[in-house]
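Below: the structure, in structure tokens.
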Amino acid sequence: MHQSTTTTGGHVLSTQGHPVKRLTHGHLIRRLSQLYVGLALYGASSALLVEAGLGLEPWNVLHQGLAERTGLTIGVVSIIVGAAVLLLWIPLRQRPGLGTVSNVFVVGIAMDGTLAALPEAHSLAVRIPLLLAGIVLNGVATGLYISARFGPGPRDGLMTGFNRRTGRSIRLMRTAVEVAVVVTGFALGGTVGVGTVLYAVSIGPLAQLFLRVFAVPPASDGSTVVAAGQPRRAILRP
């Protein structure tokens with residue numbers, strides 16, 4: 001349905017009365033840059049955790065387990081799983097954004113590319129710094145792509161969809177989904193370890209920090225009009 005806008009008191013309103021913001025092209029370019037740099041860095045950070053071999057974030061435990069069983073690369077498995085999860089949005093009546101669709105492909109491609117470029121790490125003196133660098137970089141990447149505000153990742157949308165359909169809290173839905181993912185991935189051969197625990201306890205504070213660092217200030221002038229407003233809650237997964 002076509003949506004028009006009106007201006008009143010210096011503010012731009014849609015026909016439904018919702019505020020919208022005018023974005024300059026530079027503002028839009030910054031958001032797009034944050035989105036794709038953030039997604040690429042997310043894939044790179046996941047590759048560092050894989051190479052460290054000390055435990056992966058929940059979904060990559062599943063991806064690695066499936067990769068071990070199928071012979072596909074972990075990045076390709078990530079793309080396939082992301083696309084399958086996105087299909088589950090249909091019955092949940094979730095609407096994907098540019099960031100949602102981009103997430104499916106960019107993270108997996110960046111993960112495989114980084115793994116191909118990294119030398120093998122054997123000693124703990126190398127693997128522990130890789131683990132720590134991967135977790136911090138993951139927080140940076142999360143702050144970048146969420147701040148861009150182009151829609152949640154497919155796995156986040158699955159959790160918010162369950163929340164809407166069941167009435168259960170997002171925290172409960174996220175915990176249930178990720179426990180199931182970790183258990184299944186571990187059974188298939190995915191790596192669970194100290195890195196998994198360290199990631200779980202540190203990614204929230206790190207992502208919150210970098211969300212503030214990379215927050216995009218609202219634009220006030222320009223020719224592009226988009227709906228304004230922040231989601232009520234952010235889930236820190238791509």
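Position 1 is the first residue of the sequence, and the numbers go up from there. Note that the structure is a prediction, hence the values are computed from the model and not measured.
- By the side chain to side chain contact (heavy atoms under 4.5 Å, CB included) test, Arg164 is found to be paired with Gln94, residues two or more places apart in sequence or in another chain being considered.
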Stepwise side-chain contact (heavy atoms from CB on, under 4.5 Å) test for Met111 and Asn60 = CA-CA 11 Å; Met111 194 187 316; Asn60 274 332; 3.7 Å; yes
Using atom types as modelled, flag every donor-acceptor pair under 3.5 Å from a side chain in residues 209-217 to any protein atom, sequence neighbours excluded.
none

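- Side-chain contact between Glu178 and Trp59: present, with at least one pair of heavy atoms (C-beta onward) separated by less than 4.5 Å.
- Here the side chains of Glu51 and Val126 are not in contact, with every heavy-atom distance at 4.5 Å or above.
- Residue Ile203 holds its CD1 atom at 8.0 Å from CD1 of Ile135, rounded to the nearest 0.5 Å.
- Taking all atoms of both residues into account, the shortest heavy-atom contact from Val201 to Pro205 is O-CD, 3.7 Å.
- Thr100 OG1 to Arg95 CZ: the interatomic distance, rounded to the nearest 0.5 Å, is 12.5 Å.
- Counting heavy atoms from C-beta on, the side chains of Thr142 and Asn138 come closer than 4.5 Å.
- Shortest non-hydrogen contact noted between Leu72 and Val77 is CB-CG2, 3.9 Å.
- Distance check, rounded to the nearest 0.5 Å: CG of Asn163 to CZ of Arg174 gives 13.0 Å.
- Tracing side-chain contacts under 4.5 Å through hydrophobic residues (I, L, V, M, F, W, Y), one reaches Leu124 starting from Leu49; they form part of the same cluster.
- Leu131 and Ile128 fall within the same hydrophobic cluster, defined by Ile, Leu, Val, Met, Phe, Trp and Tyr side-chain heavy atoms under 4.5 Å apart, directly or through other members.
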Chi angles and distances behind the side-chain contact (heavy atoms from CB on, under 4.5 Å) call for Ile109, Ile79 = CA-CA 8 Å; Ile109 292 170; Ile79 292 171; 4.1 Å; yes
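- Here the side chains of Thr73 and Leu115 are not in contact, with every heavy-atom distance at 4.5 Å or above.
- The distance from the CZ atom of Phe162 to the CG atom of Leu88 is 6.5 Å, given to the nearest 0.5 Å.
- Side-chain contact check for Arg165 versus Arg93: some heavy-atom pair is nearer than 4.5 Å.
- Val181 and Val197 end up in different hydrophobic clusters when Ile, Leu, Val, Met, Phe, Trp and Tyr side chains are linked at under 4.5 Å.
- Residue Ala83 comes nearest to Val104 through the heavy atom pair N-CG1, 3.8 Å, listed as atom of the first residue, atom of the second, then distance.
- Of all non-hydrogen atoms in Ala40 and Ala110, the two that sit nearest each other are O-CB, 3.4 Å.
- Using a 4.5 Å heavy-atom threshold, the side chains of Pro96 and Trp89 count as touching.
- With hydrophobic clusters built from ILVMFWY side chains whose heavy atoms lie under 4.5 angstrom apart, Val61 shares a cluster with Val194.
- The shortest distance between side-chain heavy atoms of Leu98 and Tyr36 falls below 4.5 Å.
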Test Leu144 against Leu41 for side-chain contact (heavy atoms from CB on, under 4.5 Å), laying out the working first.
-> CA-CA 9 Å; Leu144 277 167; Leu41 290 180; 3.9 Å; yes
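- Between Pro152 and Gly157, the closest heavy-atom pair is CB-N, 4.4 Å.
- Qualifying side chain to side chain contact (heavy atoms under 4.5 Å, CB included) partners for Ile29, counting only residues two or more places apart in sequence or in other chains: Ser33.
- Here the OG atom belonging to Ser46 is positioned 11.0 Å from the CD atom belonging to Gln64, to the nearest 0.5 angstrom.
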Carefully, step by step, assess Ile80 and Val76 under the rule side-chain contact (heavy atoms from CB on, under 4.5 Å).
-> CA-CA 6 Å; Ile80 293 172; Val76 170; 3.9 Å; yes
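- Between the CE atom in Met159 and the OG1 atom in Thr175 there is a gap of 9.0 Å [rounded to 0.5 Å].
- For the pair Leu35 and Val106, the minimum side-chain heavy-atom distance is 4.5 Å or more.
- When all heavy atoms of Pro154 and Gly82 are compared, the pair lying nearest together is CB-O, 3.8 Å.
- The main-chain N or O of Leu56 is found under 3.5 Å from a side-chain atom of Thr196 such that the two form a donor-acceptor pair.
- One hydrophobic cluster, built from ILVMFWY side chains closer than 4.5 Å, cannot hold both Val179 and Leu62; they sit in different ones.
- Side chain of Arg155 to main chain of Val85: no donor-acceptor pair is present (N/O by atom type, distance under 3.5 Å, no hydrogens or angles).
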